[in-house]
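Computed from a prediction, not measured in an experiment: that's the story for all the values here. Below, read A as the first sequence line, B as the second, and so on, with proteins coming before strands; counting in each chain starts at 1. In what follows, every heavy atom counts, from backbone to side chain, and hydrogens, waters and symmetry copies are set aside.
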Amino acid sequence: MTDVADVLTHVLVGYVIGTLLTFRVESLGQAHVALVVIGALSPDFVKIQLLFPDGFVAWTLGVPFSWSPLHTVAGSVLVIGLGSLLVAPAQRKRALALLAVGALSHHVLDLLLLTPTGESYAVFWPLLEYRFPSADLYLSSDRWPAVVAGCCALVVWLVDRSRTAAPETAHE
Amino acid sequence: MSEPYGQRGRVLAGLVLLALLFGCLVWAGATTGDLTESRYPDEVEVTPDRESYVGDRVVLGGFVVDTDPVVIATRASGYGRFTLVDADAQLKNDDGPLEEGDRVTAFGTLEDESTLVVERTTTRESSETSYMLLVSALGGLVSAWWFVRHWCFDRGALAFVPRAGDDPSSQGDGRSAIEHADQRGRAASDGGDRRG
């Protein structure tokens, strides 16, 4: 569980991707950016194991248990499906797509991590046990990914502000 | 837009997805264990039963207690010592050399009961782990705040809808679904009053 990037970096990258999508697709707004952000966070729901460790849940339920499938593509598909059921039907298909974009960005970022063994996690479980070679770009505890993502988010936020301010100025 | 299969269909779909998710969590617990961790034995398994792992590839985490050669202790008490061969040369995220007290994770082949021939070494300070947990909590709070700021719960539809002005596709009048529902409710009420 330590071989996953910090949540803040994922959230910032989700914000950047979501906001860039609003530049491209006019029917998307800040509410939809929030969905990409939640999607980018969703594989890290696995961190619930810090509060309720696998062993504790297994002992409580009386069955073998591991939270780790939440951090696979299959787990993301199921979580995103559940999440989309929580939004209004008119927004559901869009919510599915945006949550999926966010979750995909999360898995791509985590495959870039430096791991002690040189192998990444079993992202395609249960379909495949295969683990991609780790890209060795950064450690989960490195600070620079959050700094870079924060700078990108700041630039995108400024561009977004100037885009929304421009029509108002023109209107005056 | 109403629920395409009604609220029962929605609840049923939710239960099916929950059952599939729970099945995955139990399946992983019964078979592979933690999919985000390394699949090789670690110091918790190796330290008390070294002879069983001689010749195997293992991952050992600990702190450096000697540097020439590099020796780590896998237990906080200083016990569980292993000599790491080529630990400095295989360091991946630092120029090295390793110093006493450094936290290290080494991956390689256990040559004998106390020697690991290292293929990869990584090091991190304990403060970096604290940093990761802190910013992760911050990231979670930011996303929750972001969602609550732009979405609200429509008790009529029993679902989340974008707040007014946050969904350009419904900005003909700039109101949220809840406001539309309220207005429909008021119109029905007014009509009823007039008829009455």
Proximal component of A:Leu12, with respect to chain B [non-hydrogen, under 4.5 Å] = neither
Region of A:Trp125 that comes under 4.5 Å of a non-hydrogen atom in chain B | side chain
With a 4.5 angstrom heavy-atom cut-off, could you sort out which part of A:Leu82 is near chain B: side chain, backbone, both or neither?
-> both
Measuring heavy-atom distances to chain A, does B:Thr121 have an atom under 4.5 Å in its side chain, in its backbone, in both, or in neither?
-> neither
Honestly, the part of A:Thr117 sitting under 4.5 Å from a heavy atom of chain B is both
Could you grab the distance from atom CD of A:Gln30 to atom CZ of B:Arg163, nearest 0.5 Å is fine?
-> 14.0 Å
Segment of B:Tyr40 engaging chain A (4.5 angstrom heavy-atom cut-off) | side chain
Which one, A:Gly29, A:Gly14, A:Pro126, A:Ser66, leads in non-hydrogen pairs under 4.5 Å with chain B?
-> A:Ser66
Are any of the side-chain heavy atoms of A:Asp110 and B:Thr36 separated by less than 4.5 Å?
-> no
Please state whether the side chain, the backbone, both or neither of A:Arg143 comes within less than 4.5 Å of a heavy atom of chain B.
-> both
Select, from B:Thr32, B:Leu141, B:Thr105, B:Val142, the one with the greatest count of heavy-atom pairs under 4.5 Å involving chain A.
-> B:Thr32
Under 4.5 Å between any side-chain heavy atoms of B:Phe160 and A:Leu86, yes or no?
-> yes
Neighbourhood of chain A inside residues 46-72 of chain B, taking heavy atoms under 4.5 Å as contact | B:Val59
Taking B:Arg120 for the side chain and A:Thr115 for the main chain, is one N or O donor matched with an acceptor at less than 3.5 Å?
-> yes
B:Ser136 side chain to A:Val7 backbone, donor-acceptor under 3.5 Å | yes
Sidechain N-carboxylate O distance under 4.0 Å for A:Glu129, B:Arg39 | no
Between B:Thr122, B:Leu35, B:Leu138, which residue shows the highest count of heavy-atom pairs closer than 4.5 Å to chain A?
-> B:Leu35
Where on A:Val33 is there a heavy atom nearer than 4.5 Å to chain B: the side chain, the backbone, both, or neither?
-> both
Engaged part of B:Trp151 at the chain A interface, taking heavy atoms whose separation is under 4.5 Å | side chain
Using non-hydrogen atoms only, which part of A:Ser134 is less than 4.5 Å away from chain B: side chain, backbone, both, or neither?
-> side chain
Heavy atoms under 4.5 Å from chain A: which residues of residues 14-30 of chain B carry them?
-> B:Gly14, B:Leu17, B:Leu18, B:Leu20, B:Leu21, B:Phe22, B:Cys24, B:Leu25, B:Val26, B:Trp27, B:Ala28, B:Gly29, B:Ala30
